[in-house]
2 protein chains.
Amino acid sequence: MAFTFQRQVIYEAVLDSRQHPTPENIYEQVRGRIPSISLGTVYKNVKTFLDTGLLKEVSLHHGSLRLEANMTPHHHVVCSGCKAIFDLEESDVAPVELKSRLPKGFAIARCSVEIIGLCASCRGIGASNKKISTHHSSGARK
Amino acid sequence: MAFTFQRQVIYEAVLDSRQHPTPENIYEQVRGRIPSISLGTVYKNVKTFLDTGLLKEVSLHHGSLRLEANMTPHHHVVCSGCKAIFDLEESDVAPVELKSRLPKGFAIARCSVEIIGLCASCRGIGASNKKISTHHSSGARK
DNA sequence: TGACAAACGATAATGGTTATCGTTTAATAA
DNA sequence: TTATTAAACGATAACCATTATCGTTTGTCA
């Protein structure tokens, strides 16, 4: 991977932003230093950074809305391969224990634990138990 | 809110699916019972259900990719109003303690705690400290 | 039953993201 | 250093998820 000027500036833009920016946010900031940059270049390089592990996405579930009818508090087990979501009852996880202050004035509504990993079928164990298919390619390297 | 036949079938489709379906998934399933239903109707009613609290969305961050450069394990404080994301160091939360089995064959990669609520500015406390603006309307009733 | 608002289906428009394509730039070897 | 070649760039079209619009149908209620 060639470390071009565009890449440096894009990467620094994410580093400097303490706010988990969107590609669009990055684009706007980078244009301050490279006015001719294309939004496509930002997307391409963000994808490259994700693939090589230089950056991470905050949520595995951008791309499409996922719904739930279970309104009781509970947690989620998420497969980073197929994006499958399994529920975990609230009692299956010991209460989360905060050891520091939150941002000033923040009012907690709820606490949700996400256990992220690979499900059996994505690890190649057992039959290919098809989940609901969703989401764009995410795990494929070019 | 009138409880039309379409609404009943859509809601049951989400209830029956143990898999956190997308609107598209729901559309496909509902078409089995109401072949003439429109995808737009599914979206409209899903939105209605979200607004009235009958359904919930799994992630507050579908819609647009959010990036992070902090590759050390950490947790997130998320404002459900403006979708702002604050980081919490791993040491700020006591280790998550699992009290049950996960789905057979699931390999844990990491555990992430999400503390969801309203930030100071979304509660109307303090100056309107603008965060990076992102995401479509989500909190607004029609 | 009639009147009116709400919901529906069809479809156009929007917004985020990816793909394409011709040109420019970077890496490598001569 | 220059020539070669693949990778990266910018511009733009295409794509997919979602929302908006609009004319018609269906519920609700007087």
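Proteins come first, then strands; the chains are lettered A, B, ... in the order of their sequence lines, and each starts at number 1.
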query = Does any non-hydrogen side-chain atom of Glu57(A) lie less than 4.5 Å from one of Arg66(B)?
reply = no

request  = May I have the distance from Glu28(B) (atom CD) to dC16(D) (atom P), rounded to whole angstrom?
outcome  = 14 Å

remark   = The bend of the helix from dT1(C)-dA30(D) to dA30(C)-dT1(D), taken between the axes of its five terminal pairs at each end and rounded to 10°, is 30°

ask   = Is any side-chain N or O of Tyr43(B) closer than 4.0 Å to OP1 or OP2 of dT18(D)?
value = yes

request  = Can you run down the side-chain hydrogen bond (donor to acceptor under 3.5 Å, both in side chains) pairs that involve residues 29-38 of chain A, sequence neighbours left out, and say none if there aren't any?
outcome  = Glu12(A)-Arg33(A), Tyr27(A)-Arg31(A)

inquiry  = Please report the interatomic distance CD(Glu24(B)) to OG(Ser64(A)), rounded to the nearest 0.5 Å.
reply    = 8.0 Å

message = Rounding to an integer number of Å, can you tell me how far Gln8(A) CD sits from dA26(C) P?
response = 11 Å

request  = May I have the distance from Leu65(B) (atom CG) to dT18(C) (atom P), rounded to whole angstrom?
outcome  = 8 Å

query = Please give, in whole Å, the distance from dT17(C) P to His62(A) NE2?
reply = 6 Å

message = Would you say that Ile115(A) contacts Leu98(B) through its side chain, given a criterion of any heavy-atom pair below 4.5 Å between the two side chains?
response = yes

query = dT17(C) phosphate, OP1 or OP2: any side-chain N/O from Ser64(B) under 4.0 angstrom?
reply = yes

task = Using heavy atoms to find the nearest nucleotide of DNA chain D for Phe3(B) and Pro23(B) separately, return the residue whose nucleotide is more 5′.
result = Pro23(B)

ask   = For Ala109(B), which residues count as a side-chain contact (heavy atoms from CB on, under 4.5 Å) partner, sequence neighbours excluded?
value = none

task = Send over the distance from Lys47(B) NZ to dT18(D) C1', rounded to a whole Å.
result = 10 Å

key: Pairs meeting criterion side-chain hydrogen bond (donor to acceptor under 3.5 Å, both in side chains) with involvement of residues 103-120 of chain B, two or more places apart   = none

request  = Let me know the distance between CG of Asn25(A) and P of dG16(C), rounded to the nearest Å.
outcome  = 10 Å

query = Checking side-chain hydrogen bond (donor to acceptor under 3.5 Å, both in side chains) for the pair Asp51(A)/Thr48(A): CA distance, chi angles, key distance, verdict?
reply = CA-CA 5 Å; Asp51(A) 286 346; Thr48(A) 301; 5.8 Å; no

task = Grab the CG-P distance between Asp51(A) and dA8(D) for me, whole Å please.
result = 12 Å

key: Sequence-distant partners of Tyr11(B), ring-ring contact (aromatic ring centres under 6.0 Å, His included), two or more places apart   = Phe49(B)

Within the 6.0 Å centroid threshold, strictly below: His61(B) and His20(A) = no

Look for any protein N or O under 3.5 Å of an N or O in nucleotides 9-14 of chain D and output each such pair with its distance, or none.
{"unit_1": "dC9(D)", "atom_1": "OP1", "unit_2": "Thr4(A)", "atom_2": "OG1", "d": "2.8"}
{"unit_1": "dC9(D)", "atom_1": "OP2", "unit_2": "Asn45(A)", "atom_2": "OD1", "d": "3.1"}
{"unit_1": "dC9(D)", "atom_1": "OP2", "unit_2": "Asn45(A)", "atom_2": "ND2", "d": "3.0"}
{"unit_1": "dC9(D)", "atom_1": "O3'", "unit_2": "Gln6(A)", "atom_2": "NE2", "d": "3.1"}
{"unit_1": "dG10(D)", "atom_1": "OP2", "unit_2": "Ser38(A)", "atom_2": "N", "d": "3.4"}
{"unit_1": "dG10(D)", "atom_1": "OP2", "unit_2": "Thr41(A)", "atom_2": "OG1", "d": "2.6"}
{"unit_1": "dG10(D)", "atom_1": "O6", "unit_2": "Lys44(A)", "atom_2": "NZ", "d": "3.1"}

